[in-house]
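Order of listing sets the numbers, starting from 1, for every ligand and every atom in it. This structure is a prediction, so every number in the text was calculated from the model and none was measured.
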Amino acid sequence: MDAQQTTAAAAAAAALTPKALIHQKYGTKACYRIEEVQQSVDSTCPGLVTPQQSRCLYRCYLSLPEFTTTSDTFPKKKDAEQSAAKMAIEKLGIQSTSKNLTPQEAWDELATRLSVLFSEEFLSSSHPLVGHFRVSLGRIGDHFGMIPVSAIVSCDVKVNNLCKVINPNSDGDPLLVSSYIRKAAKMSDSVCSTDEGFLIRKSGSYSPNILQKLMNHALCTRCSVQIEAIHIPFRDEAQIDIVTLDFSDDQYYMDEISQKLRSRDTSQILVSRTLGKASSEMKLYFSAPEIPAAPSDCVDVFSKAEQNDHLEPVLNKRASYLSGQRIYGDAILANVGYTRKSSDLFYEDVSYCTYYRMLLSKVPDGHYKLFREAILAAELPAVFTARSNWKGPLPRDLLCTFCRQHWLSEPIFSVKMVDPSESSCKLLEACKSSKLLRLSEEIKKTNGGIGVTIDGDLGKSSTFTCEVKLLSRKQVLILDSLSDATYKKESDAIQNAALKVLTWLKKYFSQLDMSIEKLSSFGLADNIVIYSANFSKEFATLLSICGPEQNYPMRRCGASGSNFLDQPHIKEKGTSLLKIEGPDSGVFPSHGSLTCISYVVTLIRKEEPLKEVIERNDEFEFEVGSGAVINQLEVSATQLSVNQSAQFTIELPSRDLILAAAAESSKRLSHLSLNNCFLEYSIKVLRVTEPLEDRMEQALFSPPLSKQRVEFAVRHINASHSTTLVDFGCGSGSLLDSLFEHSTTLEKIAGVDISCKSLTRAAKLIHSKLSMKSVMEPNIRSAVLYDGSIMDFDSRLYGFGIGTCLEVIEHMEEDQACLFGNVVLSSFCPELLIVSTPNYEYNPILQRSSLPNKEDDPEDKSGPCKFRNHDHKFEWTRQQFEQWSVDLAGRHNYSVEFSGVGGSGDVEPGFASQIAVFRRRSLQLEKKSSTDEEPSHPYKVIWEWNKGS
Ligand code: SAH
Ligand code: MG
């Protein structure tokens with residue numbers, strides 16, 4: 001029905017899918033890339049994702065010459081593509097039907113649109129505005145057929161878009177939009193507007209038919225309806241309170257709101273855009289400020305008002321902050337309105353809690369806390385260690401949400417690839433100069449509690465960096481986060497870059513009183529360029545509402561994660577655990593582990609008997625050491641062993657935060673003084689998932705041990721001039737993959753593993769490496785991945801130059817490890833075999849450094865050392881490993897040398913990871929005679945690549 005209204009071009013555009021539109025504009029220059037996203041089963045919202053539901057989702061990256069967009073995740077690839085295209089279109093502004101209109105044309109369109117809205121065809125549609133007509137046409141007297149401009153503003157997207165063309169600032173100013181509509185009504189012959197107030201009616205009369213039709217609908221009688229809404233006084237010091245809106249007897253809801261606002265009548269009511277969920281009808285209502293009757297030229301009412309100081313309307317800071325629009329005087333936040341879905345009024349209560357949660361969702365870490373349903377326990381983690389450890393929405397999504405919350409454009413992530421040859425040179429140097437000193441430093445740092453070495457990532461084959469730009473709605477650059485950190489995976493680069501920006505924003509939000517001058521140096525300290533003037537413009541309302549004296553949700557102790565234990569008062573608090581209960585099970589939440597706790601937070605007043613549970617979680621999992629919970633909680637949890645419980649208390653955080661957490665009791669609490677109150681946390685450690693071995697290796701060694709093992713292998717490959725290599729137990733292909741980044745003599749490489757999951761990952765890793773042409777190591781001509789057990793001999797791998805078996809034997813039973821040793825040296829017969837395995841004697845160092853709160857006490861012999869990984873069947877001392885190796889070498893005419901990585905071989909307790917290098921003594925391999933045996937091929941080729949094919 002509305003289609004006749006839109007211009008032909010817009011109609012054509014509307015018929016095209018976003019992808020088609022992008023194609024029209026960019027053709028092959030638009031490049032879509034789909035990424036598979038494993039939907040994690042570890043969802044922190046228990047019940048949200050059940051294991052059966054867990055499945056693969058897709059995310060699409062669309063690269064255009066100017067920028068890149070990234071879609072959300074979708075079950076279908078094509079939806080992800082369309083979504084990315086849609087975002088690009090929005091960014092380009094080509095979607096707006098009024099894109100090519102001049103302001104004058106927009107005025108005309110606006111007038112035409114109004115006549116359409118008052119046409120009889122329109123009144124037969126299901127447009128939400130029709131609900132307002134129904135009420136209005138049912139009235140008698142002066143107000144018959146009078147439609148409030150605010151009803152049009154809140155129901156019709158097109159008029160809003162047209163106003164934006166007339167003046168882009170109208171986006172943030174309901175008063176301006178309303179004035180434009182009133183003026184357009186004056187221009188139109190078919191409608192007219194009142195001189196005072198914001199009401200519009202049709203110039204002519206309606207046909208009895210249409211009146212009859214609408215009235216029939218209205219006959220459906222509604223019983224009395226009362227809803228709760230939030231009253232937000234314009235004076236900052238006045239508390240918000242609840243108002244009850246009573247729509248009994250078919251009271252027009254706008255009338256009721258205008259009464260509650262003590263406005264003259266509905267004609268004075270203005271309305272904000274929709275807040276919160278797009279599907280809601282949550283809007284702010286306020287009275288039009290007293291301004292001289294609409295000026296005839298009607299350019300910009302607000303700037304007029306600014307010229308007359310005494311007439312300047314009073315901005316409602318809190319309401320403006322919530323809506324990102326100019327809201328004047330007292331405001332009411334209500335969730336009510338007509339929708340397309342039904343001709344009945346839609347309504348819902350707005351509770352205190354909703355209001356405070358809306359406030360909270362605007363701070364950089366607010367959405368994370370809300371999502372985790374742990375407002376008083378969770379913190380935005382300071383580091384992104386691994387996707388599986390990150391609970392809640394990923395940093396990239398959080399940053400997008402933050403930008404949406406503040407009416408900014410979608411952030412732009414630009415991923416760049418760093419030349420790996422360059423970076424690995426740098427790394428080698430770093431690796432040479434570091435070693436012991438570096439290690440002890442790292443361990444000290446880790447002892448401090450929270451020192452996951454972020455630069456540990458440098459140790460991996462670093463390939464991706466990511467820059468993040470934040471832009472205003474009007475595409476003005478406000479923040480540019482340059483990236484120095486590099487990551488092996490593109491997605492890690494993006495997540496870490498997003499987290500860096502969020503972390504900075506969080507820091508900024510705790511110091512909102514900062515001067516514009518200071519802003520840029522505040523950003524530069526974190527390698528973030530702030531365009532101060534533009535930046536503060538975007539956050540202007542924020543500044544005025546969240547100043548230091550405002551009781552605004554923010555962290556209590558300022559500093560995030562990194563060295564909180566240095567703050568003496570925290571340390572003191574951390575140790576004041578009360579009522580520790582339960583036997584010491586010996587299993588502690590260690591650094592890097594995933595720890596699951598239950599907790600209850602109770603609000604307690606010292607003198608009066610006030611005890612109110614305000615937050616509880618029966619299962620709450622977090623990564624120890626990443627700053628994912630409030631400091632005191634982490635300090636306390638790490639002092640308990642599994643099954644132990646305890647209590648601690650903290651000072652009250654901000655009132656708003658308490659009320660956001662308090663759900664049902666927030667209404668009652670909001671009337672109480674919270675003086676002399678404190679919070680008591682009762683926690684219980686339910687279980688601890690030990691840190692993954694490689695996580696530990698990454699956190700404690702720089703470069704990470706895995707990287708050091710690769711370097712070790714590369715040295716031996718080149719020294720021996722081998723051209724063939726087989727990696728026994730290749731896992732996810734970390735070695736094979738890195739071989740493409742090193743200049744070696746290798747031409748043919750193969751990997752064997754029994755885990756199909758790991759092999760798939762390996763294939764993906766190598767495959768993506770191969771698709772980057774510049775990265776290709778020219779010598780390697782073929783690569784194969786086999787599914788099979790390394791206890792079985794496969795003749796295709798006979799007589800290879802080098803065999804590697806890194807951190808594998810400890811995953812088998814000891815007798816199987818012996819069997820493997822025999823098979824490999826007697827049947828596969830590589831010239832060189834490199835076997836690595838953990839050094840059990842090194843474990844105390846690892847474990848000491850992973851218990852943040854245990855002092856380095858030599859007397860402390862708390863229990864036997866456990867293995868580094870749940871999957872390890874054994875871990876050997878140096879002596880045990882040497883015994884195994886020497887026996888094996890002797891049996892098969894090999895020599896053996898011992899070495900290792902991590903730490904030093906000369907200092908007790910030796911290397912962290914011990915390595916044996918076996919060398920075949922007989923240089924000539926006796927050709928296996930053809931009569932000897934049939935070629936045996938028990939391995940299954942999983943993935944294969946040959947150069948040139
Ligand atoms: N070498 C890799 C992976 C080490 S984890 C790295 O350094 O990163 C140990 C690997 O050994 C696992 O992937 C496991 O699936 C594999 N593995 C264990 N027993 C095996 C067997 N009998 N045959 C083949 N692979 C085995
Ligand atoms: Mg292992």
Enumerated ligand 1 atoms positioned under 4.0 Å from heavy atoms of C730
2 (C)
Short N/O distance, under 3.5 Å, between H811 and ligand 1?
no
Please indicate whether any nitrogen or oxygen in L806 is less than 3.5 Å from any nitrogen or oxygen in ligand 1.
yes
Mind checking side-chain contact (heavy atoms from CB on, under 4.5 Å) for A497 and listing every partner two or more places apart, or none if nothing turns up?
C466, V468
Quick one: which ligand 1 atoms are inside 4.0 Å of a heavy atom on G788?
23 (N), 24 (C)
Test of ring centre spacing under 6.0 Å for F728 and F820:
yes
Is the contact between C805 and ligand 1 made by the side chain, the backbone, both, or neither, using heavy atoms and a 4.0 Å cut-off?
neither
What residue among Q495, K416, R33 forms side chain to side chain donor-acceptor pair (under 3.5 Å) with E490?
R33
Considering only heavy atoms of E807, which atoms of ligand 1 have at least one such atom less than 4.0 Å away?
4 (C), 5 (S), 9 (C)
Which bit of S734 gets closer than 4.0 Å to ligand 1, counting heavy atoms only: side chain, backbone, both or neither?
side chain
Salt bridge present between E711 and K707 (N-O < 4.0 angstrom)
yes
Exercise: do W876 and E814 side chains pair donor with acceptor under 3.5 Å
yes
Side chain or backbone, does V808 bring an N or O within less than 3.5 Å of an N or O on ligand 1?
no
With ring centroids as reference points, do Y840 and F881 lie under 6.0 angstrom apart?
no
Tell me yes or no: between the side chains of S732 and S734, is some donor less than 3.5 Å from an acceptor?
no
Please say whether I790 places an N or O atom under 3.5 Å from an N or O atom belonging to ligand 1.
yes
